[in-house]
Amino acid sequence: MIRQLFGGAGEIDPDQLSRLSGMQIDPAMMQTVMRHLQDAFAGDGSISWDLTRRQALHIANQDGLAITQGQRADLDQAFALANLWLGEATTISELAKPPQPITRGGWVEATLPVWQELAEPVATSIADALTAALRDQAPEDMQGLVQGAGRIMRTVGGSLFATQLGHVVGSLSKEVVSGGDVGIPLMPDGEAAILPQNFADFGRDLEIPDDQLALYLAARELAHARLFRHARWLRLHVISQVTEYARGIHVDTSALEELASRFDPSEPEELRNAIESGALLPTRSETQVEALRRLENLLATIEGWVDVVTAAATSRLPSAPRIAEAVRRRRAVGGPAEQALGSLVGLELRPRRMREAAAMWQAVTDAVGVAARDSLWDYPDLMPTAEDIDDPAALIARLEARARGEAPAPDAFDDALAELLEAESGAGSTEAPGEADAAGHADEQDDDEHPGGRPI
């Protein structure tokens, strides 16, 4: 068995393994496990994200339904009307690609690259922790062997995390209603989508007409996608904020060692539950708390703008206020899969200040209008800050002053820049004695040598 495991050659008899272990094991399942172990021993130590994709698609397609012609026609009509209404509610232009309904499996395929980018820092941390735990506990005379086994442990730990991430993403595909439902830019740039199967589940108990619900969700999805397509820098800004937080995550090696000391191979659920529950992730550091606060403010600013624009676009719908409240409540609470994602990656994607941010955007709209409000997304340094959410009056005063052509009041950054430029200017104007005379004589010589004034 060891020869076949390390060599990766030949098939391992599952029945023989079952007899050796004395456990009731499904032979087909054991054969699959051993094949994965062979891949791990033959791997290069990198994380196999293909495991995430296979697991996510397996869950998404288990009870996934195809899109009917009727659903496609209804959503196409809702998207078309929502586009017209959004033209009155925002100056941000519509998408180049038409929005479309997608299946749960289609959502997994479209969003998986972003999930991989967000989760990779945590997966790497878990793999590194397994390797470090193995190296620290091995005797001195076995360190040479441990170095070779470290690559295997990285592969096993990374693959275990990748499988759990696939489970979370697959479960999330059963909950999300649209591409922007989670709040971060998961869909490819400039694409908007609604999942008809989940849309039907979401509206089943709301007692709201399906056409009104479809119009509201279509307007919200389009507003979200339009914003990220217009502000090209915003997508990278959000993802970098998430990855900055995730890079600060380190696995609690003491919890990992404790789990290993009492781990029972006949009950692998304990290890899986430890990873899913976040038990291996230590308490957030001060740096992480600050990074999470910045991320929450950023997501709240985005969600607040989407809320205000969607409300303006769907003001004709009688049920719009009820739908808006249902969407906000759903975003505030989150579903089981979103909670599992928070435990797995240590990150909650539910903005806590969404109502305050929406109130800020509404105050700005009432004071300076739609065009001036949307211009705040043109450049990163114009975007409202957390202080603007707390005090919209200051932001409105700046916008009104800009509309009147007045220069904004200098802030600390402006003062520091002015001092730096003044210092540079003073240094550049100071000349050593004799430099001016030397320069003058040089000019005279040039004029004598080149009467026509031809440059050297």
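Throughout, residue positions are numbered sequentially from 1 according to the sequence presented.
Looking at Q197, its side chain never comes within 3.5 Å of a backbone N or O of A66 through a donor-acceptor pair. Proximity of a side-chain donor or acceptor of S173 to a complementary backbone N or O of G170 within less than 3.5 Å is detected. Side chain of E117 to main chain of I239: no donor-acceptor pair is present (N/O by atom type, distance under 3.5 Å, no hydrogens or angles). Under a 3.5 Å cut-off, the side chain of Q212 and the backbone N or O of L317 do not form any donor-acceptor pair. Checked by atom type and distance alone, the side chain of D391 never pairs as donor or acceptor with a backbone atom of E387 at under 3.5 Å.
Residues A358 and D307 come closest through the heavy atom pair CB-CB, 4.4 Å. Closest of all the heavy-atom pairs between A223 and V309 is CB-CG1, 4.2 Å. A pairwise comparison of heavy atoms in A225 and A192 identifies CB-CB, 3.9 Å as the closest pair. What you find for E303 and G180 is that their closest heavy atoms are OE2-O, 4.4 Å. When all heavy atoms are compared, the tightest approach of G179 to L186 is O-CB, 4.3 Å. Nearest heavy-atom pair, L86 versus A219, reported as atom, atom and distance to 0.1 Å: CD1-O, 3.7 Å.
With contacts defined as side-chain heavy-atom distances shorter than 4.5 Å, the pair V370/R373 qualifies. Looking at heavy atoms from C-beta onward, D201 lies out of side-chain contact with V177 at the 4.5 angstrom threshold. A heavy-atom distance below 4.5 Å is found between the side chains of L95 and R226. By the 4.5 Å heavy-atom criterion applied to side chains, L195 and S178 are not counted as neighbours. P99 has its side chain out of reach of I194: every pair of non-hydrogen atoms, C-beta onward, lies at least 4.5 Å apart. Considering only heavy atoms from C-beta on, M383 comes within 4.5 Å of L298 through its side chain. F202 is not listed as a side-chain neighbour of N198, based on a closest heavy-atom distance of 4.5 Å or more. Residues L65 and T103 fail the side-chain proximity criterion, which asks for heavy atoms closer than 4.5 Å.
Between D76 and R72 there is no salt bridge, since no side-chain nitrogen of the basic residue lies less than 4.0 Å from a carboxylate oxygen of the acidic one. Salt bridge annotation for E325-R322: absent, with no cationic side-chain nitrogen under 4.0 angstrom from a carboxylate oxygen. With salt bridges taken as basic N to acidic carboxylate O contacts below 4.0 Å, none links E109 and R104. Using a 4.0 Å cut-off between charged side-chain N and carboxylate O, E290 and R293 make a salt bridge. One finds no salt bridge joining D189 and R229 here, because no Lys/Arg side-chain nitrogen approaches an Asp/Glu carboxylate oxygen to under 4.0 Å.
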query: D388 and T385: side-chain hydrogen bond (donor to acceptor under 3.5 Å, both in side chains), yes or no, with the steps?
result: CA-CA 5 Å; D388 293 327; T385 63; 3.3 Å; yes
- request: Assess whether side-chain hydrogen bond (donor to acceptor under 3.5 Å, both in side chains) is satisfied between W305 and D374, documenting all intermediate values.
  value: CA-CA 9 Å; W305 182 91; D374 292 346; 3.0 Å; yes
field: Trace of the side-chain contact (heavy atoms from CB on, under 4.5 Å) decision for I208 with Y216
entry: CA-CA 11 Å; I208 295 174; Y216 185 93; over 6 Å; no
query: Should W115 and V168 be marked as a side-chain contact (heavy atoms from CB on, under 4.5 Å) after you check the CA-CA gap, both sets of side-chain angles, and the distance that decides it?
result: CA-CA 10 Å; W115 289 121; V168 170; over 6 Å; no
task: Apply side-chain hydrogen bond (donor to acceptor under 3.5 Å, both in side chains) to the pair Q362 and D366, showing each step before the final yes or no.
output: CA-CA 6 Å; Q362 188 60 58; D366 296 340; 3.0 Å; yes
task: Take L299 and I184, measure what side-chain contact (heavy atoms from CB on, under 4.5 Å) needs, and give me the verdict at the end.
output: CA-CA 8 Å; L299 294 179; I184 57 178; 4.0 Å; yes
task: For side-chain contact (heavy atoms from CB on, under 4.5 Å), just list the numbers for F79 and L215, CA-CA rounded to whole Å, side-chain angles, deciding distance to a tenth of an Å, and then say yes or no.
output: CA-CA 7 Å; F79 276 127; L215 266 171; over 6 Å; no
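The CE atom of M187 sits 9.5 Å away from the CZ atom of R235 when rounded to the nearest 0.5 Å. Distance CZ/R355 to CE/M360: 16.0 Å, rounded to 0.5 Å. Remark: L222 CG to T310 OG1 distance equals 9.0 Å, nearest 0.5 Å. Atom CG of L227 is separated from atom OG1 of T90 by 8.5 Å, given to the nearest 0.5 angstrom. Atom CZ of R54 sits about 13.0 Å away from atom CD1 of I59, to the nearest 0.5 Å. For the atom pair CZ of R53 and CD of Q116, the computed distance is 12.0 Å after rounding to the nearest 0.5 Å.
Partners of T52 according to the side-chain contact (heavy atoms from CB on, under 4.5 Å) rule, which considers only residues two or more places apart in sequence or in another chain, are W49, L112, A162, L165. When the side-chain contact (heavy atoms from CB on, under 4.5 Å) test is applied to P188, the partners found at least two apart in sequence or on another chain are A110, E191.
By the 30° and 60° cut-offs, the orientation of the rings of W361 relative to W377 is parallel.
Applying the salt bridge (charged side-chain N to carboxylate O under 4.0 Å, His left out) test between D181 and each of R331, R330, K174 identifies R330 as the sole match.
If you check the side chains of Q55 and T163, you find no donor sitting under 3.5 Å from an acceptor.
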